[in-house]
Amino acid sequence: MDETLKRAWMAGLLLAACCLPASAQALRDPTRPPAFLMPGGAGARAAAPAASGPQLQSILIGRQPGGRHIAVIDGETVSLGGSYKGARVTRMTPNEVELVRGSERRVLKLNAPSGAMPAGRVERVRVD
């Protein structure tokens with residue numbers, strides 16, 4: 001009788017354990033960027049400042065004297081002396097581009113992310 005009771009008890013526990021809903025937490029993707037960096041994500045409008053004009057994305061300056069000077073502004077490639085939406089590109093440094101339209105002068109600055117190499121430095125990689 002004792003063995004039969006034990007088996008019935010174990011069967012009841014097994015049945016109860018199988019019927020309980022699983023309550024595991026959802027796994028977070030550790031590589032997913034924070035919500036405020038995601039386009040259209042929660043808090044994106046509150047955390048990200050509104051763009052008030054053209055955004056300087058990249059500057060490429062040739063090493064040789066008189067080398068090419070190219071900048072990317074809002075996805076459009078412009079060169080020194082060229083024009084961007086009616087403004088003339090008058091000056092380029094490793095961190096800035098100056099736009100002039102009539103008497104209005106605007107300086108766009110390149111905001112490098114923290115941890116990036118300083119402008120003008122080249123990382124040398126040795127390959128054996």
Side-chain angles (χ1 to χ4, degrees):
M1 177 80 179
D2 192 26
E3 189 65 33
T4 310
L5 186 59
K6 236 185 205 182
R7 285 186 184 196
W9 179 252
M10 291 301 273
L13 281 178
L14 183 62
L15 183 62
C18 290
C19 293
L20 291 176
S23 60
Q25 292 180 347
L27 294 176
R28 278 190 23 173
D29 181 3
T31 62
R32 184 183 178 110
F36 67 89
L37 292 178
M38 299 284 289
R45 291 180 193 95
S52 61
Q55 297 293 311
L56 179 60
Q57 296 170 319
S58 179
I59 301 173
L60 304 169
I61 298 177
R63 289 183 175 205
Q64 288 78 19
R68 292 194 301 178
H69 286 63
I70 298 173
V72 178
I73 304 171
D74 288 339
E76 186 178 325
T77 303
V78 293
S79 59
L80 185 62
S83 66
Y84 171 77
K85 295 187 178 180
R88 188 173 132 100
V89 179
T90 58
R91 182 175 59 90
M92 269 190 215
T93 68
N95 297 316
E96 297 178 346
V97 170
E98 184 178 63
L99 300 174
V100 175
R101 178 181 292 137
S103 61
E104 180 186 350
R105 178 169 276 164
R106 182 175 202 158
V107 176
L108 305 178
K109 295 187 182 216
L110 185 64
N111 294 325
S114 62
M117 290 187 344
R121 292 204 42 210
V122 175
E123 181 179 358
R124 305 245 184 240
V125 178
R126 183 178 176 176
V127 179
D128 293 326

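Residue indices begin at 1 and follow the sequence shown. Just the heavy atoms: all of them, side chains too, but no hydrogens, waters or symmetry mates, feed the values below.
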*Asks:* Is there a path of hydrophobic side-chain contacts, each under 4.5 Å between heavy atoms of I/L/V/M/F/W/Y residues, joining I70 to M92?
*Replies:*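 In one cluster: no.
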*Asks:* Tell me the closest heavy-atom pair linking A71 and V97, and the distance in Å.
*Replies:*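 Closest approach of A71 to V97: CB-CG2, 3.8 Å.
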*Asks:* Roughly how far, to the nearest 0.5 Å, is CG of D2 from CZ of R7?
*Replies:*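 Output value for this atom pair is 11.5 Å.
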*Asks:* Under 3.5 Å, is there a donor-acceptor pair between the side chain of R101 and the main chain of K85?
*Replies:*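 A pair under 3.5 Å: yes.
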*Asks:* Any idea which heavy atoms bring P54 and R106 closest together, and the distance?
*Replies:*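 Looks like CD-NH1, 3.6 Å.
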*Asks:* Could I get the full list of side-chain contact (heavy atoms from CB on, under 4.5 Å) partners for E96, not counting sequence neighbours?
*Replies:*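 Once residues adjacent in sequence are excluded, the partners of E96 under the side-chain contact (heavy atoms from CB on, under 4.5 Å) criterion are R91, T93, V107, K109.
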*Asks:* Using the rule that Ile, Leu, Val, Met, Phe, Trp and Tyr join whenever any side-chain heavy atoms are under 4.5 Å apart, tell me whether Y84 and I59 fall into a single cluster.
*Replies:*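 Looking at the clustering, I59 is in the same group as Y84.
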*Asks:* Output yes when a side-chain donor or acceptor of N95 lies under 3.5 Å from a complementary backbone atom of L110, and no otherwise.
*Replies:*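 Such a contact is absent between N95 side chain and L110 backbone.
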*Asks:* Would you confirm whether E98, through its side chain, and R105, through its main-chain N or O, come within 3.5 Å as a donor-acceptor pair?
*Replies:*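 It does not hold such a pair.
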*Asks:* I want to check something: taking the side chain as every heavy atom from C-beta on, are L99 and V89 in contact at a cut-off of under 4.5 Å?
*Replies:*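 Of all side-chain heavy-atom pairs linking V89 with L99, at least one is under 4.5 Å.
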*Asks:* Quick one: pull up CG in L108 and CD in Q55 and give me the separation to the nearest 0.5 Å.
*Replies:*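 If I round to the nearest 0.5 Å, the distance is 8.0 Å.
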*Asks:* Between V78 and L56, is there a shared hydrophobic cluster once you connect ILVMFWY residues whose side-chain heavy atoms come closer than 4.5 Å?
*Replies:*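 Same cluster: V78 reaches L56 through Ile, Leu, Val, Met, Phe, Trp or Tyr contacts under 4.5 Å.
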